[in-house]
Amino acid sequence: MRFSSSFRTAMASPFTVHRLHMRGRSPVVKCLNSIETILRRSVGTEPVVAHTEGAQGDDSGEKDGPRSLSELMADRQEQAEKSVLISCPIRTSETKFLKFLSKHGNINKHFFYESYGVYAVVEFARRESVVSLLESAAIPSVNHECIVPFKSRLLSLSNQSLAASPAQQPGLPCQPQTTVSINELIQRLSTEDSVDDQIGALTEAYQLTEENSRLRFLVCSLLKDVAAAYFPECTIRPFGSSVNGFGKLGCDLDMFLDLDSISGWNFKPPKSGLSLEYQMKRTNSERHVTQSILSVIGECVDHFGPGCVGVQKILNARCPLVRFAHQPSGFQCDLTANNRVAMKSTELLYLYGELDPRVRSLVFTVRCWARAHGVTSSIPGAWITNFSLTVMVLFFLQKRSPPIIPTLDRLRDLAGPADESVIEGNDCTFTTDFSKIQLQSNTDTLEQLLGDFFEFYATFPFSRMSINIRKGREQNKPEVAPLHIQNPFETSLNVSKNVNTSQLDRFVALCQESAWLLQQGETRTQRGSSRNRTATPWGLATLLLPSKVAGIKGRKKHKKEGASQRIKSLLESLKNKNEEPKSEDA
Ligand code: GTP
Ligand code: MG
């Protein structure tokens, strides 16, 4: 989560045509079907296959249509509560390890991953098994150090008798928790047969996996155990890209400390008769309460949280937060409190992503493209944020003819009484019932959408107009800012207030260049063969290569050179890039 200034930050189309069902024989529908399958695999709507022998299986069966985010999160939280995180010696025998743990009860699921050593996530079928396991764990013996006496579900396996014999498997099968490098991705995409396939492959390579998603909920659950020292009834929920469907492996973990059950939020007092209430300290500033809570939790995490390092309390930001690294998972964590509007934006983005599989694919592609060209950055600054970029993609999809997704006003009109939500005076109401939303039958391919996205923003009148997903049409800018994207819920705010003119100019120049590149015949004809491991970059792969406009300062017109010359120089850059050390992040 960013705490920079980004955080300070149409009339609904008549959706008369029934929801577009992803069945049928046309190539577009076939392509959408395959994308949908890829996407379901990672969002967590697919029933989870238990990997453990004798496992109870997972009961998160898929209902007809997508599940609501709250249902999905409830399941994930339940899984996390029954899970433990164990650091294992690399040569541990998986079979012996499982047999050892099964003494405490059946195991639903387990997997291994690497992050400063090998770790296992183990989910038991029952919570009692976790209690039993923790009761059997010993306090570590130390020689010259002292231990901080805080027990948690983060454990270390040290018994060497569980080591695998040389005849057995060489090591534990680890699930990847980071993305492939940008160069490897370019190589992979170059072997695909169509731009649509490239977009599918990019999405599959970058999206959060089932395991990574579980790990994120487990870290929230472990942290809740720390915060429970002060607030036993608290919950810690992930939000942002960890759960909105647009998360990339390696993205930060945004967490919300939910004290609603204690803070009186949504509490209805009894109408009559005797009643008791708690005596509680009072203050006239909610912000002050949030800062105090995060301050003590920050101290607690810093002093007692196993695996939590580099704790920073950033309490004077518009949205106060505690930032730290959770070493065993490798996640960069941002813990906030009193951030309900962000929870609502998360729910809205999730809903849009689930409405049509092209939404997530296009967002992934644009996010990856933006990161490859430094349009977005993990460092706060004048860059466009991933959140803003996602809203721009949504807006573009609302502007298609016919629209691919409805406006936020339309979703609000479809809301029932249970959806009503007003947060700090802001109307955050919208339907979360997928069956009420009827989509129009737009059959644009992803290749068309990607090309048109770049063209759309290459010529968008940024100087006069604001992007507005509530109305689904551009509005006159209410204030002077190079880029104006109306905050969907806090409508007087601009989510891209931080973006300066030169960053917007770079974005526009890159859109011009990418639209042009996609139009070139070469991007279509120079396809690589899937058998050729070092295929020539084409299509989407060329868009991820270093750009000629990367250093542009002003909105200069991009000089068009011959297409073959362009590909030649792009290839040259790839060759040079391949010789550089591998970058961690795209
Ligand atoms: P990455 O972390 O970059 O992968 O994406 P993210 O969507 O998680 O973005 P970020 O961590 O910056 O923010 C977390 C969530 O906070 C977003 O998904 C939004 O729901 C919300 N958020 C972020 N920036 C803004 C903003 O400027 N205004 C509003 N209203 N919400 C924001
Ligand atoms: Mg985030």
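The residues of the chain are indexed from 1 along the displayed sequence. In each ligand, atom 1 is the first atom listed, and ligand 1 is the first ligand listed.
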Using a 4.0 Å cut-off to any heavy atom of Asp254, which atoms of ligand 1 qualify? 8 (O), 11 (O), 14 (C)
Can you list the ligand 1 atoms lying under 4.0 Å from a non-hydrogen atom of Ser345? 20 (O)
Just checking, is any N or O donor in the side chain of Asp433 or Thr431 under 3.5 Å from an acceptor N or O on the other one? no
Relative to the heavy atoms of Arg367, which atoms of ligand 1 are at a distance of less than 4.0 Å? 4 (O), 5 (O), 7 (O)
Intermediate values then yes/no, ring pair (Phe, Tyr, Trp, His ring centres under 6.0 Å), Phe396 and Phe456: CA-CA 8 Å; Phe396 161 75; Phe456 182 79; 5.6 Å; yes
Which bit of Cys251 is near ligand 1, meaning a heavy atom under 4.0 Å away: side chain, backbone, both or neither? side chain
Take Arg464 and Glu474, measure what salt bridge (charged side-chain N to carboxylate O under 4.0 Å, His left out) needs, and give me the verdict at the end. CA-CA 9 Å; Arg464 290 183 293 114; Glu474 47 271 46; over 6 Å; no
Hey, looking at atom 19 (C) of ligand 1, which of Phe387, Phe256, Phe489 has the closest heavy atom? Phe387
Counting each atom of ligand 1 from 1 as listed, which ones have a heavy atom of Asn386 under 4.0 Å away? 1 (P), 3 (O), 4 (O), 5 (O)
Identify, by atom number and element, the atoms of ligand 1 in contact range of Asn487, meaning under 4.0 Å from any of its heavy atoms. 28 (N), 29 (C), 30 (N)
Nearest 0.5 angstrom please: Thr203 OG1 to Arg358 CZ, how far? 13.5 Å
Fit a plane to each ring of Tyr113 and Tyr119, take the angle between them on a 0 to 90° scale, and name the class: parallel (under 30°), tilted (30 to 60°) or perpendicular (over 60°). parallel
Is the closest heavy atom of Thr385 to ligand 1 under 4.0 Å? no
Classify the ring geometry of Tyr350 against Phe434: parallel below 30°, tilted from 30° to 60°, perpendicular beyond 60°. perpendicular
Of all the atoms in ligand 1, which lie at a distance below 4.0 Å from a heavy atom belonging to Thr346? 20 (O)
For Met343, state whether at least one heavy atom is located under 4.0 Å from any atom of ligand 1. no
Atoms of ligand 1, numbered as shown, that sit under 4.0 Å from any heavy atom of Phe239: 14 (C), 15 (C), 16 (O)
Under-4.0 Å heavy-atom contact with ligand 1, by part of Val495 that carries it: both
What part of Lys497 sits under 4.0 Å from ligand 1 if we count only heavy atoms: the side chain, the backbone, both or neither? neither
With Lys313 as the cation and Phe324 as the aromatic partner, state whether NZ or CZ is under 6.0 Å from the six-membered ring centre and within 45° of the axis. no
Steps toward ring pair (Phe, Tyr, Trp, His ring centres under 6.0 Å) verdict (Tyr457, Phe460): CA-CA 5 Å; Tyr457 284 112; Phe460 189 84; 5.8 Å; yes
Contact atoms of ligand 1, heavy-atom distance to Gly240 under 4.0 Å: 8 (O), 14 (C), 15 (C), 18 (O)
Shortest non-hydrogen contact from Leu543 toward His373: O-NE2, 2.6 Å
Here's one to test your reading of the geometry: is the NZ or CZ of Arg216 within 45 degrees of the ring axis of Phe331 and under 6.0 Å from its centre? yes
Closer than 2.8 Å to the Mg ion (ligand 2): does that hold for any N, O or S atom in Asp252? yes
Using only N, O or S atoms, tell me which atom of Asp254 is closest to the Mg ion (ligand 2). OD2
